[in-house]
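In what follows, a single structure is set out as structure tokens and then discussed.
Naming convention: chains lettered A, B, ... in sequence-line order (proteins, then strands); numbering from 1 in each chain.
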Amino acid sequence: METIRGWVLKKREHGNIIFIDLRNRDGVTQCVIRRENVSNEDWSKAEELTQESSIILRGGWRLEDRAPRGREFVVNGIEIVHLAETPYPLGKKEHSPETLMEKRHLAVRGQRYQAIFRVRSEILRASREYFINNGYVEVSPPIIVTTACEGGATLFKIDYFDIPAYLTQSSQLYLEIMIFTYEKVWCLAPSFRAEKSRTRRHLAEFWHLEAEAAWMNLDELMKLEEELVSHICRSVAEKCQYELKLLNRNPEELLEIEPPFKRISYEEAIMELKREGVNIEIGDEIGGDEEYILTKKHNKPIFLVGYPLKYKPFYVKELKDKSGMGATVDLLAPEGYGEMATGGEREDNIEKLIERIRGEGFDPENYDWYIDLRRYGSVPHAGFGMGIDRLTWWICKLDHIRDATPFPRLYRTGKMI
RNA sequence: GCCGGGGUAGCUCAGCGUGGAAGAGCGGCGGGCUGUUAACCCGUUGGUCGCAGGUUCGAGUCCUGCCCCCGGCGCCA
């Protein structure tokens, strides 16, 4: 005699036989209740079951070709833990994005979300595993900060004991502090951007996987990123086969994600875009539409190496052999998904750094601690930040990034749960 | 911030052009049915037509203002 616990996803009544699709952490299990196998009392319980009622069934497993996953649970005893109210607010038809946001607390029970967040969990586990295996020390950065690092316009302002403060946009500057202690560090923390973005790839609050290492250059950085992403893809492909199938993502596609990723320079990208008929010149920005064109034909991520310094934040180092170009690398997800991570070498010269901070209209006084790092044992170093939500978005082949996280924070979304 | 689309039953939507008794499917509820798997069949329930004004004998439909949601651009991870 075994028991199975869970929630009623669907009930199908046929007179003397009732099928229950039971939902729990293992997925969906078909349970069969025959009138002849249970007491009259239990039969009545089965008849009154409503969608999402929580129940405990007693019985045994049986191989059955007609059951969805090759086996079913034959019931001979029923305990109703809670009889759910009717009607359940979410039906079996598709729902509008609005309903899925307003009923998020219930929508996350759905099979699709269950699969997505299981994959996300594996992405996080594999990330941590990679950094541990490669000698990186995990640090905990602050969430409340007083300095901007990505431009002042996108800061969420908060009141910190009557002192103006902000929610962090990135933990990078704090990781840079910690490389002088551990040389190789990483963190996983939320970042906040008050961007009034209405796109399928922006969240106001996102989980940011960041790493920073002393002595590292651009080539070594790319090697780190491609190994990390490949490790994550391999882990997901191996451990989430059921979930990937449900999401229409072939695990084979993820297993093909292996180093090296293609490197394409900023200038090469501009040339390719011109060949594709885009009206663009060297010195222009490569935007979302352009990234789509660059990545739609690929099935592996690509690196976009170098970018005009004028579009980049103050901490970006200039390329040695190309004046006006930043030593940056963007990791673009394939299949049209686009930017997933950005990184590069950091400016380690104190004069240049102060000049760049002024250039952005910031007061160097506010960055005294950051500038100090270039005063006492400055080292060449590099790092990157990757959006976990964007990585999940691509790996799960989602349309909109709001489905890559259980509780998305978006610009202009009515109800927040 | 800009451009476009939308808001009608618990859910997904039709109705609006040309004003005249608020509809369908699904869900819920009741009944039937021994293998379904979006079960099926019969019956039934269900409305602040986003909000506020206006025009009109009469507004879901026309006009004005506001709110909210969706898609896209820019920005970015």
Side-chain angles (χ1 to χ4, degrees), chain A residues 9-22 28-37 47-48 50-52 62 64-69 72 74 84-103 106-107 111 149-151 153-154 169-172 189-210 225 285-292 307 311-313 328 330-333 337-343 384-394 399-402 404-405 410-415:
Chain A
L9 180 64
K10 266 182 290 216
K11 180 176 74 168
R12 293 180 294 279
E13 285 188 82
H14 297 265
N16 291 319
I17 184 166
I18 295 174
F19 295 95
I20 303 286
D21 287 343
L22 193 74
V28 179
T29 303
Q30 172 163 293
C31 303
V32 192
I33 306 167
R34 291 174 181 278
R35 182 170 258 169
E36 71 224 37
N37 288 348
E47 283 186 310
E48 69 171 341
T50 53
Q51 187 177 3
E52 288 303 310
R62 190 169 76 104
E64 171 58 68
D65 290 340
R66 289 171 291 185
R69 295 173 80 179
E72 63 185 15
V74 181
E85 294 179 17
T86 60
Y88 186 61
L90 298 175
K92 56 188 168 187
K93 281 197 171 180
E94 291 196 351
H95 299 90
S96 63
E98 191 172 1
T99 301
L100 289 174
M101 288 302 293
E102 283 180 358
K103 303 286 184 219
L106 302 175
Q111 282 182 269
C149 60
E150 302 287 339
T154 64
Q169 295 171 304
S170 162
S171 301
Q172 180 195 318
S191 284
F192 305 85
R193 305 275 168 94
E195 291 160 355
K196 294 180 176 176
S197 302
R198 288 197 58 82
T199 77
R200 58 183 66 192
R201 62 183 182 281
H202 281 87
L203 292 168
E205 171 186 299
F206 65 97
W207 282 82
H208 212 168
L209 184 71
E210 294 175 275
E225 288 186 44
E285 284 240 64
I286 294 176
D289 288 350
E290 288 76 29
E291 282 180 9
Y292 177 81
Y307 208 83
Y311 301 120
K312 288 289 179 179
T328 64
D330 287 355
L331 181 60
L332 308 182
Y337 279 90
E339 191 168 333
M340 187 158 62
T342 292
F384 76 95
M386 184 161 66
I388 287 292
D389 315 273
R390 288 203 177 163
L391 187 60
T392 307
W393 176 53
W394 161 58
D399 288 333
H400 200 294
I401 200 164
R402 70 176 147 233
T405 185
L410 300 154
Y411 170 61
R412 246 166 66 183
T413 286
K415 190 170 179 182

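Nearest to the side chain of A:Arg402, among B:G71, B:G35, B:A77, sits B:G71. Comparing B:C75, B:C11, B:G71 by their nearest atom to the side chain of A:His95 picks out B:C11. In the set B:C69, B:C29, B:C75, the nucleotide with an atom closest to the side chain of A:Arg201 is B:C75.
The shortest distance between the side-chain N/O atoms of A:Thr199 and the OP1/OP2 oxygens of B:C75 is not below 4.0 Å. The phosphate of B:A77 has neither OP1 nor OP2 within less than 4.0 Å of any side-chain N or O from A:His208. At the phosphate of B:C75, neither OP1 nor OP2 sits under 4.0 Å from any side-chain N or O atom of A:Ser197. Phosphate proximity of B:U12 to A:Thr99: present, with a side-chain N or O under 4.0 Å from OP1 or OP2. Within the 4.0 Å cut-off from OP1 or OP2 of B:A39, at least one side-chain nitrogen or oxygen of A:Lys10 is found. Contact check, A:Arg390 against B:A77: no side-chain N or O comes under 4.0 Å of OP1 or OP2.
Partner assigned to B:U44 is B:G28, using Watson-Crick or G-U wobble distances below 3.5 angstrom.
Comparing the P positions of B:G5 and B:G46 gives a spacing of 37 Å, expressed to the nearest Å.
Residue A:Asp330 is classed as having no contact, given no heavy-atom separation below 4.0 Å to the nucleic acid. Residue A:Gln51 is classed as having no contact, given no heavy-atom separation below 4.0 Å to the nucleic acid. Nucleic acid contact class of A:Ser191 (heavy atoms, under 4.0 Å, all strands): none. Across all strands, A:His14 comes closer than 4.0 Å to base atoms (heavy-atom distances).
A:Lys11 has no carboxylate O lying under 4.0 Å from a charged side-chain N of A:Asp21, or vice versa, which leaves the two without a salt bridge.
Contact of A:Arg34 with B:G35 (side chain to base): a donor-acceptor pair of N or O atoms is detected under 3.5 Å.
For the pair A:Tyr88 and B:G27, the ring geometry does not qualify as stacking, because the centroid separation below 5.5 Å and plane angle under 30° are not jointly satisfied.
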